[in-house]
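Convention: sequence-line order gives letters A, B, ...; per-chain numbering from 1. Computed from a predicted model, the values in this text were never measured in an experiment.
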Number of protein chains: 2
Amino acid sequence: MPTDRNIDLTISDDHASAPPKAAKKILDVAYDLFYRRGIRAIGVDEIVKRAGVTKPSLYRSFPSKDELAASYLRQYDLEYWERFDEAVAAHPGDPRAQIKAFLTRIGKRTQVADYRGCGMTNAAVEYPDHSHPARVVSEANKQELRRRLRAMAVAMGAQAPDTLGDGLLLLIEGAYISGQLFGLGGPAQAVARNADLLIEASLKK
Amino acid sequence: MPTDRNIDLTISDDHASAPPKAAKKILDVAYDLFYRRGIRAIGVDEIVKRAGVTKPSLYRSFPSKDELAASYLRQYDLEYWERFDEAVAAHPGDPRAQIKAFLTRIGKRTQVADYRGCGMTNAAVEYPDHSHPARVVSEANKQELRRRLRAMAVAMGAQAPDTLGDGLLLLIEGAYISGQLFGLGGPAQAVARNADLLIEASLKK
DNA sequence: ATGTATACGTACCGATCGGTAACATTGTCA
DNA sequence: TGACAATGTTACCGATCGGTACGTATACAT
């Protein structure tokens, strides 16, 4: 009875057999390690050790560490938009409330010890080279975030929707970063309030 | 930005009196490399090679690579507050104009290819461990930034000065990060405009 | 049972990591 | 001239880096 991890996965994963594939265990462990401690800081040896597999197994499922990092971010991307869409779905037709819900959630998440910010943002900082596989995923995620925020600013009827959308993006990125810089009681807890203030000022007149 | 800091070295270089200090060459090169490509990404071998010195020379001047990184950030800190104080000095007694000047400058600096954001912020992302020498310097710098922004929000007569100060910090950090994420035409160019909007909204009533 | 394909493990690779020991060379000042 | 401090030279350390050659175990269809 070696592993009790990933039991939650079996909920959607039916059949009696279906042994937990090495690739999934590797990606799960890599996700956690890469996010919490950084991609460059984690070696493949530690990943395979914590995943209970061996190195060749990793390289049969992923062509390289860089591609494993990109896979981690693709998974991150999926879950990111799930959270985003949840905030959107909670307030249909009310983009201002959607933003507020999303930012309130971010603000809350930053108020925990050892908060590590946004995996996408962190990866971009770790890899300045625009051609790095991980950075490609990260940049695409941020472009999409910008697109959505600007669209919501339009829907809110902002005077200068692109400016407001970008302002919201700046606040969000600032929350991610200052969340991990300041820890509890940091500026990130004020992100939703400031965003609402900014929205208010951008709709005026 | 660190491009002009080597000039004095080449011009005033030795012959006459002082021998070229290895420590300075090392720190100059490390500054440039650490900032542009990241601390973890740069090995000591590359630093000494580019500095034209040898490894023992590095370790006679700096106890470790981590301490060299901290020294780089201490230098960064000095230049950071120089720039900040320039913006302040340009508008005596007018904190709102000081902020605007500082943010306008940041917004401009982000609009260049291969912009790499804030060295302090980047170092904190690279080293989540709060006890890391580089991170210690980084966190102190950010605490000071927060302190100053909040004080300026008070001076501006904001309704909730701590909230405004923190909001400005979020915008600034967002500009640093999105500057390196989006490159030219990114959201960071709107930082000063959004800050002014936020200030306006925070003074109202 | 047997062949076959797939999954996994043992052991290893060369390169690079941060860091050091021991000694030679240089410039400056007295 | 002699002494000192700073730097250079060469060679090395153990650990870890990302990555792989190659043999072994298991599953399944025939």
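With respect to B/R148 and B/D85, a salt bridge is recorded, a charged nitrogen being found less than 4.0 Å from a carboxylate O. For the pair A/R36 and A/D32, the salt-bridge criterion is met [side-chain N within less than 4.0 Å of a carboxylate O]. For the pair A/E139 and A/R146, the salt-bridge criterion is not met [side-chain N within less than 4.0 Å of a carboxylate O].
The interatomic distance linking A/I42 (CD1) with D/dG19 (P) rounds to 15 Å, in whole Å. Residue B/K55 contributes atom NZ, which lies 10 Å from atom P of C/dT20 at whole-angstrom precision. Per the geometry, NZ belonging to B/K49 stands 14 Å off P belonging to C/dG18, to the nearest Å. In this structure, CG of B/L58 is placed 15 Å from P of D/dT9, rounded to the nearest angstrom. Spacing between atom CD of A/E46 and atom C1' of D/dA15 amounts to 14 Å, rounded to whole angstrom units. One can place CG of A/L68 at 14 Å from P of D/dC17, the figure rounded to the nearest angstrom. Here C/dC8 presents its P atom at 8 Å from NZ of A/K25, a figure rounded to the nearest Å. Regarding A/F62, its CZ atom lies at a distance of 12 Å from the P atom of C/dC8, rounded to whole Å.
Listed candidates were C/dG19, D/dG8, D/dT20. Nearest to the side chain of B/A22 is D/dG8. The side chain of A/K21 lies closest to C/dA7 when the candidates are C/dA7, C/dT20, C/dC17. Checking C/dC8, D/dA21, C/dT20 against every side-chain atom of B/P56, the shortest atom distance belongs to C/dT20.
If B/R40 and A/V53 are placed on DNA chain C by their nearest nucleotide, the residue sitting closer to the 5' end is A/V53.
In this model, no side-chain donor or acceptor of A/K65 finds a partner on the base of D/dG18 within 3.5 Å. One N or O donor and one acceptor, one from the side chain of A/R60 and one from the base of C/dG9, sit under 3.5 Å apart.
Contact between the side-chain N/O atoms of B/T54 and the OP1/OP2 oxygens of D/dT9 is not found at any separation under 4.0 Å. In this model, the phosphate group of C/dG19 is approached by a side-chain N or O of B/Y59 to a distance below 4.0 Å at OP1 or OP2.
Below 30°, between 30° and 60°, or above 60°: for B/Y72 and B/F34 the angle between ring planes is between 30° and 60°, a tilted geometry. The aromatic rings of B/Y80 and B/F102 sit perpendicular to each other, their planes meeting at more than 60°, with 30° as the lower class boundary.
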